Amino acid sequence: MRILYHHRTASKDGQAVHIEEMVSAMRGLGHEVLIVAPEMGGAAGAQGRMGAHVSWVHRLKDLLPRALYELMELAYSLVAYRRLAAAVREFRPDVLYERYNLYLVTGTLIRRRFGIPVLLDVNSPLVYERSLHSGGLKLQRLARWAEGYAWRGADRVLPVTGVLARHVREYGVPEERIVVIQNGINEAHFADAPGVESAKAKLGLAGRLVLGFTGFVRDWHGVDRVIRWLATADAPANAHLLIVGDGPARGDLEALARRLDVAERVRFTGVLDRGEVPRHAAAFDVALQPAVTPYASPLKLMEYLVLGKAIVAPRAPNLLEVLADGDNAMLFDDRVDGDFEAALTRLCADEGLRMALARGARSTIGRLQLTWQANAQRVVAMAAALGPGRSPSQENTGARS
(Lines give C-alpha, C1' and ligand atoms only; values in the text may rest on other atoms or scores of the structure.)
Protein backbone atom coordinates (compact mmCIF):
# COMPACT_ATOMS: atom_id res chain seq x y z
CA MET A 1 0.00 0.00 0.00
CA ARG A 2 0.91 3.66 -0.31
CA ILE A 3 0.53 5.26 3.11
CA LEU A 4 0.62 9.02 3.61
CA TYR A 5 1.74 9.65 7.21
CA HIS A 6 1.01 13.09 8.65
CA HIS A 7 1.96 14.53 12.04
CA ARG A 8 2.74 17.84 13.74
CA THR A 9 5.16 16.52 16.37
CA ALA A 10 8.33 18.48 17.06
CA SER A 11 9.67 17.01 20.31
CA LYS A 12 12.02 14.06 20.74
CA ASP A 13 10.02 12.12 23.30
CA GLY A 14 7.58 9.22 23.39
CA GLN A 15 5.61 10.74 20.53
CA ALA A 16 8.69 10.64 18.33
CA VAL A 17 9.32 7.01 19.29
CA HIS A 18 5.77 6.13 18.22
CA ILE A 19 6.22 7.86 14.87
CA GLU A 20 9.59 6.33 14.08
CA GLU A 21 8.59 2.82 15.09
CA MET A 22 5.25 2.81 13.24
CA VAL A 23 6.80 4.14 10.05
CA SER A 24 9.62 1.62 10.29
CA ALA A 25 7.17 -1.23 10.91
CA MET A 26 4.98 -0.24 7.96
CA ARG A 27 7.98 -0.07 5.67
CA GLY A 28 9.25 -3.35 7.08
CA LEU A 29 6.00 -4.97 5.95
CA GLY A 30 6.73 -3.81 2.40
CA HIS A 31 4.52 -0.72 2.23
CA GLU A 32 5.54 2.65 0.86
CA VAL A 33 5.28 5.46 3.41
CA LEU A 34 5.54 9.18 2.67
CA ILE A 35 5.84 11.44 5.72
CA VAL A 36 4.47 14.96 5.71
CA ALA A 37 5.49 16.89 8.83
CA PRO A 38 6.99 20.19 9.94
CA GLU A 39 10.67 20.51 9.08
CA MET A 40 11.44 20.93 12.79
CA GLY A 41 10.18 17.39 13.45
CA GLY A 42 9.87 14.13 11.55
CA ALA A 43 10.82 10.49 11.69
CA ALA A 44 14.47 11.43 11.79
CA GLY A 45 13.79 13.62 14.81
CA ALA A 46 12.89 10.53 16.80
CA GLN A 47 16.40 9.17 16.59
CA GLY A 48 19.15 9.99 19.04
CA ARG A 49 18.74 11.64 22.40
CA MET A 50 15.28 11.57 23.93
CA GLY A 51 13.71 14.38 25.93
CA ALA A 52 14.75 17.26 23.69
CA HIS A 53 12.28 19.87 22.44
CA VAL A 54 12.22 22.50 19.74
CA SER A 55 13.17 25.51 21.83
CA TRP A 56 11.81 28.26 19.59
CA VAL A 57 8.34 26.70 19.65
CA HIS A 58 8.29 26.83 23.44
CA ARG A 59 9.62 30.38 23.47
CA LEU A 60 6.88 31.44 21.05
CA LYS A 61 4.26 29.75 23.23
CA ASP A 62 5.53 31.62 26.29
CA LEU A 63 5.69 35.00 24.54
CA LEU A 64 2.35 35.08 22.74
CA PRO A 65 -1.07 35.59 24.35
CA ARG A 66 -2.56 32.12 24.82
CA ALA A 67 -5.57 32.78 22.58
CA LEU A 68 -3.37 34.03 19.73
CA TYR A 69 -1.12 30.97 19.99
CA GLU A 70 -4.16 28.68 19.79
CA LEU A 71 -5.43 30.50 16.69
CA MET A 72 -2.00 30.01 15.12
CA GLU A 73 -2.27 26.28 15.87
CA LEU A 74 -5.58 26.16 14.02
CA ALA A 75 -4.15 28.23 11.16
CA TYR A 76 -1.38 25.67 10.77
CA SER A 77 -4.03 23.22 9.54
CA LEU A 78 -4.33 25.33 6.40
CA VAL A 79 -0.56 25.20 5.84
CA ALA A 80 -0.60 21.45 6.40
CA TYR A 81 -3.60 21.08 4.08
CA ARG A 82 -1.71 22.62 1.17
CA ARG A 83 1.26 20.34 1.75
CA LEU A 84 -0.93 17.27 2.11
CA ALA A 85 -3.01 18.10 -0.94
CA ALA A 86 0.16 18.36 -3.03
CA ALA A 87 1.37 15.05 -1.60
CA VAL A 88 -1.96 13.38 -2.41
CA ARG A 89 -1.79 14.49 -6.04
CA GLU A 90 1.82 13.36 -6.46
CA PHE A 91 1.97 10.27 -4.23
CA ARG A 92 -1.61 9.01 -4.81
CA PRO A 93 -1.89 7.30 -1.41
CA ASP A 94 -4.29 4.52 -0.50
CA VAL A 95 -4.76 5.88 3.02
CA LEU A 96 -3.90 8.86 5.20
CA TYR A 97 -2.57 7.93 8.64
CA GLU A 98 -2.58 10.99 10.87
CA ARG A 99 -1.31 11.51 14.40
CA TYR A 100 -3.82 13.65 16.23
CA ASN A 101 -2.87 17.01 17.68
CA LEU A 102 -5.11 19.76 19.03
CA TYR A 103 -6.43 22.17 16.39
CA LEU A 104 -5.11 19.85 13.65
CA VAL A 105 -8.15 19.21 11.45
CA THR A 106 -6.27 18.56 8.22
CA GLY A 107 -7.12 14.87 7.92
CA THR A 108 -10.85 15.55 7.82
CA LEU A 109 -10.38 18.30 5.25
CA ILE A 110 -8.32 15.98 3.03
CA ARG A 111 -10.86 13.20 3.45
CA ARG A 112 -13.69 15.44 2.31
CA ARG A 113 -11.74 16.81 -0.64
CA PHE A 114 -10.13 13.63 -1.99
CA GLY A 115 -12.15 10.76 -0.51
CA ILE A 116 -9.09 9.04 0.94
CA PRO A 117 -9.67 6.86 4.03
CA VAL A 118 -8.29 8.46 7.19
CA LEU A 119 -6.96 6.58 10.21
CA LEU A 120 -6.48 8.90 13.17
CA ASP A 121 -4.01 7.87 15.87
CA VAL A 122 -5.08 9.40 19.22
CA ASN A 123 -2.71 9.26 22.19
CA SER A 124 -4.46 11.69 24.52
CA PRO A 125 -7.65 13.78 24.86
CA LEU A 126 -5.89 17.07 24.35
CA VAL A 127 -8.77 19.43 25.16
CA TYR A 128 -9.09 17.77 28.56
CA GLU A 129 -5.32 17.49 29.05
CA ARG A 130 -4.44 21.03 28.08
CA SER A 131 -7.32 22.42 30.10
CA LEU A 132 -5.63 20.99 33.19
CA HIS A 133 -2.00 21.66 32.25
CA SER A 134 0.23 23.90 30.11
CA GLY A 135 -1.48 27.07 31.26
CA GLY A 136 -4.95 25.96 30.23
CA LEU A 137 -6.97 26.64 27.10
CA LYS A 138 -8.35 30.09 26.33
CA LEU A 139 -10.55 29.10 23.37
CA GLN A 140 -12.37 26.17 24.97
CA ARG A 141 -15.34 26.04 22.60
CA LEU A 142 -13.15 26.30 19.52
CA ALA A 143 -10.84 23.60 20.87
CA ARG A 144 -13.75 21.23 21.54
CA TRP A 145 -15.12 21.88 18.07
CA ALA A 146 -11.73 21.14 16.48
CA GLU A 147 -11.24 17.94 18.49
CA GLY A 148 -14.71 16.68 17.63
CA TYR A 149 -14.35 17.66 13.98
CA ALA A 150 -11.10 15.69 13.68
CA TRP A 151 -12.35 12.64 15.59
CA ARG A 152 -15.76 12.37 13.91
CA GLY A 153 -14.21 13.01 10.49
CA ALA A 154 -11.92 9.96 10.53
CA ASP A 155 -12.85 6.58 9.09
CA ARG A 156 -11.20 4.95 12.09
CA VAL A 157 -10.08 6.52 15.37
CA LEU A 158 -7.27 4.61 17.07
CA PRO A 159 -7.03 5.47 20.80
CA VAL A 160 -4.20 3.80 22.73
CA THR A 161 -6.40 2.52 25.57
CA GLY A 162 -10.00 1.60 26.23
CA VAL A 163 -10.14 4.42 28.79
CA LEU A 164 -9.19 6.91 26.08
CA ALA A 165 -11.78 5.32 23.78
CA ARG A 166 -14.47 6.55 26.22
CA HIS A 167 -13.34 10.13 25.58
CA VAL A 168 -13.68 9.49 21.85
CA ARG A 169 -17.23 8.12 22.26
CA GLU A 170 -18.25 11.25 24.16
CA TYR A 171 -17.80 13.21 20.91
CA GLY A 172 -20.32 11.02 19.14
CA VAL A 173 -17.89 8.80 17.23
CA PRO A 174 -19.72 5.52 16.45
CA GLU A 175 -18.44 2.41 18.21
CA GLU A 176 -17.65 0.64 14.95
CA ARG A 177 -15.18 3.40 14.02
CA ILE A 178 -13.16 3.13 17.26
CA VAL A 179 -10.32 0.59 17.43
CA VAL A 180 -8.05 0.48 20.49
CA ILE A 181 -4.37 -0.06 19.63
CA GLN A 182 -2.01 -0.01 22.61
CA ASN A 183 1.50 1.34 22.23
CA GLY A 184 4.03 -1.35 21.36
CA ILE A 185 7.66 -2.29 21.51
CA ASN A 186 10.38 -3.14 19.01
CA GLU A 187 11.60 -6.49 20.32
CA ALA A 188 14.71 -6.39 18.14
CA HIS A 189 15.79 -3.18 19.89
CA PHE A 190 16.00 -5.10 23.19
CA ALA A 191 17.20 -8.46 21.87
CA ASP A 192 20.84 -7.81 22.77
CA ALA A 193 20.18 -6.44 26.25
CA PRO A 194 22.58 -8.06 28.76
CA GLY A 195 21.47 -10.26 31.63
CA VAL A 196 20.65 -8.66 34.97
CA GLU A 197 23.94 -9.42 36.72
CA SER A 198 26.05 -8.50 33.70
CA ALA A 199 24.18 -5.20 33.33
CA LYS A 200 24.66 -4.42 37.02
CA ALA A 201 28.38 -5.14 36.84
CA LYS A 202 28.84 -2.85 33.84
CA LEU A 203 27.07 -0.04 35.71
CA GLY A 204 28.99 -0.54 38.94
CA LEU A 205 25.91 -1.90 40.73
CA ALA A 206 26.99 -5.47 41.40
CA GLY A 207 25.42 -6.83 44.57
CA ARG A 208 22.69 -4.16 44.61
CA LEU A 209 18.94 -4.73 44.49
CA VAL A 210 18.12 -2.29 41.69
CA LEU A 211 14.80 -0.47 41.52
CA GLY A 212 14.49 1.19 38.13
CA PHE A 213 12.51 3.89 36.35
CA THR A 214 12.89 4.90 32.70
CA GLY A 215 11.82 8.12 31.03
CA PHE A 216 11.44 11.85 31.51
CA VAL A 217 10.70 12.11 35.23
CA ARG A 218 8.22 14.72 36.44
CA ASP A 219 6.84 15.56 39.89
CA TRP A 220 3.60 13.65 39.37
CA HIS A 221 5.44 10.40 38.57
CA GLY A 222 5.78 9.70 42.29
CA VAL A 223 9.48 8.82 42.28
CA ASP A 224 9.83 10.83 45.50
CA ARG A 225 7.87 8.05 47.24
CA VAL A 226 10.59 5.57 46.28
CA ILE A 227 13.30 7.80 47.74
CA ARG A 228 11.35 8.27 50.97
CA TRP A 229 10.89 4.49 51.19
CA LEU A 230 14.63 3.97 50.70
CA ALA A 231 15.19 5.96 53.90
CA THR A 232 12.98 3.60 55.98
CA ALA A 233 13.86 0.39 57.77
CA ASP A 234 11.62 -1.52 55.31
CA ALA A 235 14.06 -0.96 52.45
CA PRO A 236 16.87 -3.53 52.13
CA ALA A 237 20.28 -2.02 52.81
CA ASN A 238 21.42 -2.94 49.28
CA ALA A 239 18.42 -1.35 47.52
CA HIS A 240 19.43 1.21 44.90
CA LEU A 241 17.28 3.49 42.71
CA LEU A 242 18.40 3.85 39.08
CA ILE A 243 16.57 6.47 36.99
CA VAL A 244 17.33 5.93 33.31
CA GLY A 245 16.64 9.40 31.99
CA ASP A 246 16.30 12.95 33.21
CA GLY A 247 13.55 15.48 33.68
CA PRO A 248 12.35 18.59 35.51
CA ALA A 249 11.93 16.70 38.80
CA ARG A 250 15.58 15.67 38.96
CA GLY A 251 16.83 18.57 41.08
CA ASP A 252 14.14 18.19 43.72
CA LEU A 253 14.58 14.41 43.86
CA GLU A 254 18.35 14.67 44.29
CA ALA A 255 17.85 17.28 47.02
CA LEU A 256 15.35 14.99 48.78
CA ALA A 257 17.82 12.08 48.62
CA ARG A 258 20.50 14.26 50.22
CA ARG A 259 18.14 15.39 53.01
CA LEU A 260 17.22 11.79 53.77
CA ASP A 261 20.86 10.67 53.61
CA VAL A 262 20.28 8.20 50.74
CA ALA A 263 21.98 10.18 47.96
CA GLU A 264 24.54 7.40 47.44
CA ARG A 265 21.67 5.02 46.70
CA VAL A 266 20.05 7.14 43.97
CA ARG A 267 21.46 7.60 40.47
CA PHE A 268 20.26 9.51 37.41
CA THR A 269 21.82 8.56 34.09
CA GLY A 270 20.78 11.82 32.45
CA VAL A 271 19.45 11.95 28.89
CA LEU A 272 20.61 8.91 26.92
CA ASP A 273 20.63 7.85 23.32
CA ARG A 274 17.72 5.45 22.79
CA GLY A 275 20.16 2.67 21.98
CA GLU A 276 21.61 2.95 25.49
CA VAL A 277 18.33 2.39 27.33
CA PRO A 278 18.17 -1.44 27.08
CA ARG A 279 21.61 -2.04 28.63
CA HIS A 280 20.71 0.23 31.58
CA ALA A 281 17.16 -1.00 32.14
CA ALA A 282 18.41 -4.59 31.95
CA ALA A 283 19.92 -4.03 35.42
CA PHE A 284 16.51 -3.59 37.07
CA ASP A 285 15.32 -6.15 39.62
CA VAL A 286 12.10 -4.18 40.12
CA ALA A 287 10.65 -1.86 37.47
CA LEU A 288 8.71 1.14 38.75
CA GLN A 289 5.49 2.69 37.47
CA PRO A 290 4.55 4.63 40.64
CA ALA A 291 1.84 6.68 38.89
CA VAL A 292 0.16 6.84 35.50
CA THR A 293 -1.90 9.24 33.40
CA PRO A 294 -5.36 7.61 33.55
CA TYR A 295 -5.83 7.26 29.77
CA ALA A 296 -2.22 6.57 28.69
CA SER A 297 -0.44 3.52 27.31
CA PRO A 298 3.01 4.07 28.88
CA LEU A 299 5.99 3.28 26.67
CA LYS A 300 8.09 2.55 29.75
CA LEU A 301 5.65 -0.23 30.63
CA MET A 302 6.32 -1.90 27.27
CA GLU A 303 10.06 -1.66 27.94
CA TYR A 304 9.64 -3.30 31.33
CA LEU A 305 7.54 -6.10 29.83
CA VAL A 306 9.87 -6.91 26.94
CA LEU A 307 12.84 -7.05 29.32
CA GLY A 308 10.94 -9.38 31.65
CA LYS A 309 10.96 -7.24 34.78
CA ALA A 310 9.01 -7.53 38.02
CA ILE A 311 6.73 -4.49 37.75
CA VAL A 312 5.14 -2.41 40.50
CA ALA A 313 2.23 -0.31 39.21
CA PRO A 314 -1.08 1.21 40.34
CA ARG A 315 -4.31 -0.71 39.88
CA ALA A 316 -5.53 1.78 37.26
CA PRO A 317 -8.15 0.86 34.61
CA ASN A 318 -5.86 1.65 31.68
CA LEU A 319 -3.04 -0.47 33.11
CA LEU A 320 -5.47 -3.32 33.83
CA GLU A 321 -5.89 -3.61 30.06
CA VAL A 322 -2.35 -5.05 30.04
CA LEU A 323 -1.42 -5.97 33.62
CA ALA A 324 -2.85 -8.58 35.99
CA ASP A 325 -1.98 -8.60 39.68
CA GLY A 326 0.23 -11.53 40.60
CA ASP A 327 0.66 -12.57 36.98
CA ASN A 328 2.83 -9.97 35.26
CA ALA A 329 2.92 -7.22 37.91
CA MET A 330 2.36 -6.38 41.55
CA LEU A 331 -0.45 -3.84 41.63
CA PHE A 332 -1.19 -1.43 44.44
CA ASP A 333 -4.14 0.80 45.27
CA ASP A 334 -2.96 4.39 44.97
CA ARG A 335 -5.98 5.50 47.02
CA VAL A 336 -4.67 3.61 50.05
CA ASP A 337 -1.93 5.34 51.98
CA GLY A 338 1.18 3.16 52.17
CA ASP A 339 0.01 0.52 49.70
CA PHE A 340 2.74 1.39 47.20
CA GLU A 341 5.43 1.17 49.83
CA ALA A 342 4.03 -2.13 51.13
CA ALA A 343 4.17 -3.57 47.59
CA LEU A 344 7.79 -2.47 47.24
CA THR A 345 8.70 -4.02 50.59
CA ARG A 346 7.08 -7.34 49.76
CA LEU A 347 8.59 -7.57 46.28
CA CYS A 348 12.09 -6.67 47.42
CA ALA A 349 11.93 -9.35 50.10
CA ASP A 350 10.71 -12.16 47.83
CA GLU A 351 13.05 -13.19 45.03
CA GLY A 352 10.75 -16.03 43.96
CA LEU A 353 7.87 -13.62 43.47
CA ARG A 354 10.10 -11.30 41.43
CA MET A 355 11.09 -14.16 39.16
CA ALA A 356 7.49 -15.29 38.68
CA LEU A 357 6.33 -11.79 37.79
CA ALA A 358 9.27 -11.39 35.44
CA ARG A 359 8.28 -14.53 33.53
CA GLY A 360 4.69 -13.31 33.29
CA ALA A 361 5.83 -9.89 32.11
CA ARG A 362 7.95 -11.27 29.28
CA SER A 363 5.15 -13.52 28.00
CA THR A 364 2.72 -10.58 27.88
CA ILE A 365 4.27 -9.07 24.75
CA GLY A 366 3.58 -12.13 22.62
CA ARG A 367 0.24 -12.96 24.24
CA LEU A 368 -1.22 -9.49 23.63
CA GLN A 369 0.80 -8.77 20.46
CA LEU A 370 2.23 -5.57 21.92
CA THR A 371 4.71 -4.88 19.13
CA TRP A 372 4.95 -2.10 16.59
CA GLN A 373 4.93 -4.68 13.82
CA ALA A 374 1.63 -6.12 15.05
CA ASN A 375 0.21 -2.59 15.30
CA ALA A 376 1.30 -1.83 11.74
CA GLN A 377 -0.31 -5.05 10.51
CA ARG A 378 -3.61 -4.07 12.14
CA VAL A 379 -3.46 -0.57 10.69
CA VAL A 380 -2.75 -1.82 7.17
CA ALA A 381 -5.54 -4.41 7.42
CA MET A 382 -8.00 -1.69 8.45
CA ALA A 383 -6.91 0.54 5.58
CA ALA A 384 -7.27 -2.29 3.07
CA ALA A 385 -10.75 -3.15 4.37
CA LEU A 386 -11.91 0.44 4.06
CA GLY A 387 -10.86 0.86 0.46
CA PRO A 388 -11.11 4.21 -1.35
CA GLY A 389 -14.01 6.60 -1.05
CA ARG A 390 -15.78 5.23 2.04
CA SER A 391 -16.33 8.40 4.06
CA PRO A 392 -18.16 8.90 7.35
CA SER A 393 -21.70 10.22 7.08
CA GLN A 394 -22.15 13.95 6.96
CA GLU A 395 -24.06 14.04 10.23
CA ASN A 396 -21.14 12.41 12.04
CA THR A 397 -18.59 14.88 10.70
CA GLY A 398 -20.61 18.00 11.44
CA ALA A 399 -19.61 20.51 14.06
CA ARG A 400 -20.54 19.89 17.68
CA SER A 401 -19.58 21.78 20.80
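The analysis underlying the following values was restricted to heavy atoms, covering all of them including side chains, and did not include hydrogens, waters or symmetry mates. Since the model is a prediction, treat every value here as computed from it, not as a measurement.
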Quiz item: Checking Arg8 side chain against Arg99 main chain: does a donor-acceptor pair fall under 3.5 Å?
Solution: no
Quiz item: Mind checking whether Pro298 and Val292 have side chains closer than 4.5 Å, heavy atoms only?
Solution: yes
Exercise. Only pairs at least two apart or in different chains count here, so list each salt bridge (Lys or Arg N to Asp or Glu O under 4.0 Å) that has a residue in residues 229-240.
Key: none
Self-check item: Crowding at CD, Glu90 (>12 non-hydrogen neighbours, <6.0 Å)
Solution: no
Quiz item: Is it true that Glu20 and Arg274 have a side-chain N and a carboxylate O under 4.0 angstrom from each other?
Solution: yes
Quiz item: Do Tyr100 and Trp151 have ring centroids that are under 6.0 Å from one another?
Solution: yes
Practice problem: Working to the nearest 0.5 Å, report the span between CG of Leu209 and NE2 of His240. | Solution: 11.0 Å
Quiz item: Ion pair present between Arg362 and Glu187, side-chain N to carboxylate O less than 4.0 angstrom?
Solution: yes
Practice problem: Drop me the distance from Arg367's CZ to Ile365's CD1, to the nearest 0.5 angstrom. | Solution: 10.0 Å
When the side chains of residues 370-377 are checked against the rest of the protein, which donor-acceptor pairs come out under 3.5 Å, sequence neighbours left out?
{"unit_1": "Thr371", "atom_1": "OG1", "unit_2": "Ala374", "atom_2": "N", "d": "3.0"}
{"unit_1": "Trp372", "atom_1": "NE1", "unit_2": "Gly184", "atom_2": "O", "d": "3.4"}
{"unit_1": "Asn375", "atom_1": "ND2", "unit_2": "Gln182", "atom_2": "O", "d": "2.9"}

Quiz prompt | Polar side-chain atom of Glu70 near backbone of Lys138 as donor-acceptor pair, under 3.5 Å | solution = yes
Quiz item: Does the side chain of Thr345 come under 3.5 Å of the side chain of Trp229 through a donor N or O and an acceptor N or O?
Solution: yes
Quiz item: Between Arg130 and Glu73, is there a side-chain N and carboxylate O pair less than 4.0 Å apart?
Solution: yes
Quiz item: Are any side-chain N or O atoms of Asp219 and backbone N or O atoms of Ala249, one a donor and one an acceptor, separated by less than 3.5 Å?
Solution: no
Quiz prompt | Test item: Arg177 side-chain N/O and Val157 main-chain N/O as donor-acceptor pair under 3.5 Å | solution = no
Practice problem: Quick one: pull up CG in Leu386 and CG in Asp94 and give me the separation to the nearest 0.5 Å. | Solution: 11.5 Å
Exercise. Report yes or no: does Arg354 contribute a side-chain atom to a donor-acceptor pair with the main-chain N or O of Leu347 at less than 3.5 Å?
Key: yes
Practice problem: Mind jotting down which residue pairs meet the side-chain hydrogen bond (donor to acceptor under 3.5 Å, both in side chains) criterion with at least one end in residues 189-202? Sequence neighbours excluded, please. | Solution: Lys200-Asp285
Quiz item: Side chains of Ile311 and Leu357: does their closest heavy-atom pair fall under 4.5 Å?
Solution: no
Quiz item: For Tyr171, is the NZ or CZ atom of Arg152 found under 6.0 angstrom from the centre of its six-membered ring and inside 45 degrees of the ring axis?
Solution: no
Quiz item: Short question: side chain of Thr161, backbone of Tyr295 - any donor-acceptor pair under 3.5 Å?
Solution: yes
Quiz prompt | Of all pairs that satisfy salt bridge (Lys or Arg N to Asp or Glu O under 4.0 Å), the ones with a partner from residues 298-317, not counting sequence neighbours | solution = Arg315-Asp325
Quiz item: Within the side chain of Gln15, is there an N or O that forms a donor-acceptor pair under 3.5 Å with the backbone of Thr9?
Solution: no
Practice problem: Can you see which heavy atom on Ala150 is nearest to which on Leu120, and at what distance? | Solution: O-CD2, 3.6 Å
Quiz item: Are Asp224 and Arg228 within salt-bridge range, i.e. N to O under 4.0 Å?
Solution: yes
Practice problem: Hey, could you give me each pair passing side-chain hydrogen bond (donor to acceptor under 3.5 Å, both in side chains) that has a residue in residues 326-336? Not counting sequence neighbours. | Solution: Asn328-Thr364, Asp333-Arg335
Quiz item: Quick one: does Tyr103's side chain have a donor or acceptor within less than 3.5 Å of a partner on Ala146's backbone?
Solution: no
Quiz item: Nearest heavy-atom pair of Ile178 and Ala165: which atoms, and what distance?
Solution: CG2-CB, 3.9 Å
Quiz item: Counting only N and O atoms by type, is there a donor-acceptor contact under 3.5 Å from the side chain of Thr269 to the main-chain atoms of Gly245?
Solution: yes
Self-check item: For Tyr97, the option from Arg156, Met26, His6, Met382 that meets side chain to side chain contact (heavy atoms under 4.5 Å, CB included)
Solution: Met26
Quiz item: Who are the ring-ring contact (aromatic ring centres under 6.0 Å, His included) partners of Tyr128, not counting sequence neighbours?
Solution: His167
Exercise. Please say whether more than 12 non-hydrogen atoms of neighbouring residues, nucleotides or ligands are located less than 6.0 Å from CZ in Arg92.
Key: no
Self-check item: Under 3.5 Å: donor-acceptor pair, side chain of Asn183, backbone of Leu299
Solution: no
Practice problem: Check whether any side-chain heavy atom of Tyr81 lies under 4.5 Å from a side-chain heavy atom of Val105, and answer yes or no. | Solution: no
